[in-house]
Amino acid sequence: MTSAADLLTELTLQEKAAMCLGSTVWHTAPVPRLGIPAIMLSDGPHGLRRQPDGNQAGISGSLPATCFPTASALGSSWDPDLVRRIGAAIGAEACAQGVAVVLGPGVNIKRSPLCGRNFEYFSEDPLLAGVLGEAHVVGVQSQGVGACVKHFAANNQETDRLRVSADVDERTLREIYLPHFERIVIRARPWMVMCAYNRINGVPASEHRWLLTEVLRDEWGFDGVVVSDWGAVRDRVAALTAGLDLEMPPNRGVSDTAIVAAVHDGTLDEKVLDQTAQRILQLVDRCADPAPTGFDVGTHHTLARAAAADCAVLLKNDRQLLPLQPVAGDTIAVIGEFARAPRFQGAGSSQVNPTRIDVPLDELRTAAPAGVTVEYADGGEQAVALARRADTVVLFLGLPAGDESEGADRWHMHLPEAQIALLEQVAAVNRRVVVVLANGSAVEVSSWDRHAGAILETWLSGQAAGGAVADLLFGAVNPSGRLAETLPVHLADNPSFLNFPGEQGHVRYGEGVFVGYRGYDATGRDVAYPFGHGLSYTSFTYHDLTVTVTADSSVLVTCAVVNTGDRPGKEVVQLYIGAPPSPVARPVRELKAFTKIDLLPGGSETVTFHLDPRDLSYWSTRHQRWLLHGGTFHVSVGSSSRDLRLSVTVDVPAEAFPVPLTAESTLREWLADPEGAAALRAAVGADADGNPTGILSDPESLTVLGDFPLTTLTAFPRLGIDRHVVTGLDIQPRGVAGPHALHIAEDEGAPT
Ligand code: BGC
């Protein structure tokens with residue numbers, strides 16, 4: 001059978017140009033005369049938003065689909081298997097609705113708690129975002145439909161989102177804003193990647209050749225289609241040349257005309273167009289297989305409920321207020337509008353039209369033991385009166401819907417004042433107050449935390465969140481979520497605070513790699529609740545940490561974890577690495593591996609983690625590669641980034657990476673290398689007694705001039721390093737290990 005990919009040579013120039021654009025807001029361009037069909041794309045990350053035919057442009061009114069927990073919640077599950085199953089369920093729904101590619105997952109890093117789309121993203125940490133993003137893609141694509149990873153890259157705010165330039169250095173890009181994309185592309189092989197709206201260092205993401213071609217395709221081997229975010233293309237020909245395949249929505253009559261004209265006038269090589277057309281034809285072929293299988297709405301709702309329960313984070317649980325264990329005759333006061341009209345997703349392109357909605361109040365009534373009364377008040381005087389006579393209060397708080405939408409950042413982290421006032425009034429008459437939070441991005445808790453006996457953070461957890469809350473509060477499910485982002489005491493503590501959302505068209509990522517907990521730990525700040533934190537109704541102990549370093553600098557870590565409580569429970573075992581002082585500033589600790597384990601009371605498990613040299617390395621901008629700086633590393637395992645239960649140190653040898661010495665290398669760099677020093681001494685010469693001459697005879701000058709490159713020193717008289725000395729040194733070109741090799745220890749020039 002002829003595949004679409006075989007038809008490239010049959011296409012006219014006009015047809016190829018047309019294929020670089022959609023035919024509608026949600027379809028690729030068909031070529032009917034060759035039998036090449038259009039395929040359909042639809043949002044989004046936590047459920048399908050498949051617009052009915054005839055209502056292509058709007059956001060609301062999509063066909064009903066299961067609204068699974070948003071990424072803000074799934075991030076807190078720390079459970080790739082769960083995320084994979086949800087991906088598979090979304091893939092099945094896509095298949096049933098004729099959708100070929102699902103526009104998700106969204107994996108951008110939560111640089112600031114204020115980003116309006118944080119609810120669509122997993123974490124402030126690239127490893128966690130990468131592991132979960134990979135699982136999502138694998139799940140979706142297991143159903144024969146494509147996933148589209150977005151938004152590539154450095155798309156971390158909504159303010160001025162179509163124009164702003166994210167000004168970020170390469171090391172920070174490589175260590176924080178790209179590794180999760182890299183992992184997903186290499187391991188899960190998504191069919192599509194969506195470029196971001198914003199600029200990166202002044203260049204629109206849609207025209208960023210380094211990102212879209214050199215890094216994404218040449219380095220990572222991406223073989224799918226790059227699609228624009230909707231409206232991200234400015235200059236179609238520049239975008240095509242940079243590696244952007246598909247423009248959405250299509251600017252028909254303009255972009256295709258420009259492509260044809262550019263081929264005619266020679267500014268666009270037709271081979272570039274052929275490559276793009278070929279990739280789109282391959283995508284059409286990839287989508288040819290799935291036969292709609294249908295799906296069971298009830299089964300998916302049950303999955304959504306179990307998932308929501310595994311995502312909730314028990315932030316606090318004084319005197320074991322939870323799980324609730326009411327007896328006949330008790331009254332539980334349920335207070336707050338969100339108990340009747342739950343918030344479970346954010347606004348914008350990811351908004352799903354749910355198949356059904358669990359109402360928390362109804363679910364609590366259903367789950368309450370016989371003889372227990374569940375009474376409701378929405379707020380105000382009646383709420384206080386109800387709280388006064390109730391045995392326990394369950395107070396639903398959270399962010400108003402208007403605070404969490406694509407297109408707008410927040411400018412503070414506070415809950416509405418009226419909610420805090422209600423909490424204070426309720427807490428004044430009842431000491432047993434459980435706060436249930438619903439919000440898709442971090443909120444400030446420190447100012448009101450003391451009024452709550454327990455706080456359950458449910459995030460925006462999809463259509464079954466209400467049922468999950470009942471499961472968690474009454475103990476049918478033991479909480480096992482862990483924070484995927486730090487909750488700071490104050491917004492101003494956040495490392496990006498002074499550089500968010502930027503000004504005059506630029507946002508400077510001035511905190512560098514010190515994003516989230518990397519920043520709070522570096523400055524030693526108190527936080528409200530640390531990255532990785534989350535309580536359980538049971539308890540876990542850690543034992544027998546072993547760390548082995550192999551000859552190739554891989555690290556093998558094992559550790560035993562025991563459930564010491566009286567309930568089954570899940571623990572997220574987190575492995576953090578602290579690097580030795582290095583030529584570049586390194587975080588105090590970084591998450592390098594984790595696993596979620598399920599233990600019966602008294603049960604234990606030995607977990608094993610493998611790290612490779614890259615996990616210990618930093619990105620050397622100077623050498624354009626990962627470098628392992630040797631020394632003593634701290635290896636810690638624990639229950640959160642600030643609850644490290646066991647730690648050991650291990651010595652890891654430096655990577656043998658010879659760096660060529662050149663005329664631009666400094667005097668200190670030459671002298672630090674034995675062969676380089678000998679060559680330089682020989683070139684400078686010695687006096688009659690054999691002692692060095694010039695600067696080499698004067699240690700004090702070395703202190704002052706040691707960081708001068710040799711070329712600069714040639715301008716100074718009487719130092720002995722003149723032009724002839726430098727040319728005579730047999731200097732090797734940069735990037736080639738020459739006879740004078742310097743070890744990396746002194747390399748980057750900014751020791752910490
Ligand atoms: C969003 C994308 C979305 C696309 C299509 C854009 O505004 O940024 O995430 O997939 O619209 O709805």
Side-chain angles (χ1 to χ4, degrees), residues 21-28 39-52 55-63 65 67 70-72 87 90 94 97 99-110 115-122 129 133 136-137 140 145-164 166 181 184 190-200 204-206 224-234 239 244-251 345-353 404-409 440-441 460:
L21 289 65
S23 57
T24 77
V25 179
W26 301 113
H27 292 85
T28 60
I39 59 167
M40 188 193 285
L41 324 177
S42 283
D43 285 307
H46 55 267
L48 269 197
R49 183 174 72 87
R50 202 284 212 193
Q51 295 298 119
N55 176 15
Q56 299 268 319
I59 281 186
S60 56
S62 55
L63 301 180
C67 180
T70 65
S72 64
I90 293 171
Q97 295 195 5
V99 171
V101 179
V102 182
L103 303 176
V107 298
N108 295 97
I109 294 293
K110 299 181 198 227
C115 172
R117 292 184 89 170
N118 274 357
F119 70 90
E120 289 188 63
Y121 303 144
F122 290 117
H136 183 112
V137 171
V140 170
V145 298
C148 175
V149 186
K150 63 189 188 182
H151 310 86
F152 191 58
N155 182 188
N156 310 100
Q157 66 184 58
E158 293 300 282
T159 305
D160 202 16
R161 65 175 170 152
L162 276 101
R163 298 181 308 184
V164 73
F181 284 104
I184 297 166
W191 296 1
M192 215 179 236
V193 166
M194 183 188 292
C195 82
Y197 280 134
N198 50 285
R199 293 176 160 82
I200 298 105
S206 60
V225 164
V226 176
V227 65
S228 69
D229 199 345
W230 266 232
V233 172
R234 295 167 171 81
L244 184 126
D245 300 309
L246 181 61
E247 176 185 353
M248 284 294 197
N251 196 359
Q345 63 176 332
S349 63
S350 68
Q351 202 170 309
V352 176
N353 181 10
E404 295 191 280
S405 174
E406 178 179 339
D409 294 322
S441 38
L460 296 182

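All values below were derived from every heavy atom in this structure, side-chain atoms included, with hydrogens, water molecules and symmetry-related copies excluded. Positions are given from 1 along the sequence. Start at 1 and go down the list; that is how both ligands and their atoms are numbered.
Less than 4.0 angstrom separates some heavy atom of Arg49 from each of these atoms of ligand 1: 12 (O). Annotation for ligand 1: atoms under 4.0 Å from non-hydrogen atoms of Tyr197 are 6 (C), 7 (O), 8 (O). Residue Asp229 has at least one heavy-atom neighbour below 4.0 Å for each of these atoms of ligand 1: 1 (C), 2 (C), 3 (C), 4 (C), 6 (C), 7 (O), 8 (O), 11 (O). Within ligand 1, the atoms closer than 4.0 Å to a non-hydrogen atom of Lys150 are 2 (C), 3 (C), 9 (O), 10 (O), numbered from 1 in the order shown. Using a 4.0 Å cut-off to heavy atoms of Ser349, the atoms of ligand 1 that qualify are 1 (C), 2 (C), 3 (C), 9 (O), 12 (O).
At a 4.0 Å cut-off, not a single heavy atom of Met248 sits close enough to ligand 1 to count as contact.
The main-chain N or O of Val25 is found under 3.5 Å from a side-chain atom of Trp230 such that the two form a donor-acceptor pair. In this structure a side-chain-to-backbone donor-acceptor pair under 3.5 Å is missing from Lys150 to Met194. Remark: side-chain polar atoms of Glu406 are paired, donor with acceptor, to backbone N or O of Ser349 under 3.5 angstrom. Counting only distance, with no hydrogens or angles, the side chain of Gln157 and the backbone of Thr159 share a donor-acceptor pair below 3.5 Å.
Here Met194 has side-chain heavy atoms under 4.0 Å from ligand 1, and that is the only part of it that gets that close. In Arg117, the part holding a heavy atom less than 4.0 Å from any atom of ligand 1 is the side chain. If you look at Glu158 next to ligand 1, there are no close heavy atoms at all, none under 4.0 Å.
Distance check, rounded to the nearest 0.5 Å: OG1 of Thr24 to CE of Met248 gives 6.0 Å.
An N or O contact shorter than 3.5 Å is missing between Trp230 and ligand 1 by distance. Between Glu120 and ligand 1, no pair of N/O atoms sits closer than 3.5 Å. Checked against a 3.5 angstrom limit, the closest N/O atoms of Trp26 and ligand 1 fall outside it.
Scanning the protein heavy atoms around atom 12 (O) of ligand 1, the nearest turns out to be Asp43 OD2, 2.5 Å.
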- Query: Do Gln345 and Ser350 pass the side chain to side chain donor-acceptor pair (under 3.5 Å) test, and can you show the C-alpha distance, the side-chain angles, and the key distance before you say yes or no?
  - Reply: CA-CA 8 Å; Gln345 63 176 332; Ser350 68; 5.6 Å; no
- Item | Steps toward side-chain contact (heavy atoms from CB on, under 4.5 Å) verdict (Cys115, Asn156) | CA-CA 7 Å; Cys115 172; Asn156 310 100; 5.7 Å; no
- Query: After noting the C-alpha distance and the side-chain angles of Leu244 and Val233, does the key distance pass the side-chain contact (heavy atoms from CB on, under 4.5 Å) rule?
  - Reply: CA-CA 9 Å; Leu244 184 126; Val233 172; 3.8 Å; yes
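Heavy-atom contacts from other residues, nucleotides or ligands closer than 6.0 Å to CZ of Arg234 number more than 12.
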